[in-house]
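To start, the structure itself, in structure tokens.
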Amino acid sequence: MAVLLLAVAALIAAYWIAWLAHRSLVASETGLSYTQFEDAFPLADAWLALCLVAASFCLLTARRAALFWLLAGGGAGLYLFAMDLQHGIWGKGGNGLVELAINRSLFVLHWAWVL
């Protein structure tokens, strides 16, 4: 699970690097409203990535704080999933596939619950 969390955090970082370097690599659309929508999420995605990295560290070092970071990351993933779903971004084009992979962080909530 710790490796999976780090992989998703790396995917988030790669997405934002691609978005800033060459949007066409990950963009689902080219409209102004779409790009403004996506431009609103770097801080939320950074929070999700931080939670995932912290959860991974805590799992690897057997710290009790792992549950907190798993739940915080899962909650952030749930929020981002809902925003993407509400705006029709999820699963649409190249960006939609990346969003789909990132939103798999919802699995973290289930895994933390049965842990």
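Using a 30° and 60° split on the angle between ring planes, Y15 and W19 fall in the parallel class, below 30°.
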Would you mind writing out the side-chain donor-acceptor pairs for residues 46-65 within the sub-3.5 Å range, not counting sequence neighbours?
{"unit_1": "S56", "atom_1": "OG", "unit_2": "A2", "atom_2": "O", "d": "3.0"}
{"unit_1": "T61", "atom_1": "OG1", "unit_2": "F57", "atom_2": "O", "d": "2.8"}
{"unit_1": "T61", "atom_1": "OG1", "unit_2": "R63", "atom_2": "NE", "d": "3.0"}

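V3 belongs to no multi-residue hydrophobic cluster, having no ILVMFWY side-chain contact under 4.5 Å with any other such residue.
The number of heavy atoms from other shown groups lying within 6.0 Å of CG (L20) is above 12.
Applying the side-chain contact (heavy atoms from CB on, under 4.5 Å) criterion to L32, with sequence neighbours excluded, gives T35, Q36. In this structure, I17 has no side-chain contact (heavy atoms from CB on, under 4.5 Å) partners at least two apart in sequence or on a different chain. Residues passing the side-chain contact (heavy atoms from CB on, under 4.5 Å) test with A13, sequence neighbours excluded: none. With sequence neighbours excluded, no residue forms a ring pair (Phe, Tyr, Trp, His ring centres under 6.0 Å) with F68.
Here the shortest heavy-atom pairing between M83 and F37 reads O-CZ, 3.8 Å.
A distance of 11.5 Å separates CH2 in W69 from CG in L71, rounded to the nearest 0.5 Å.
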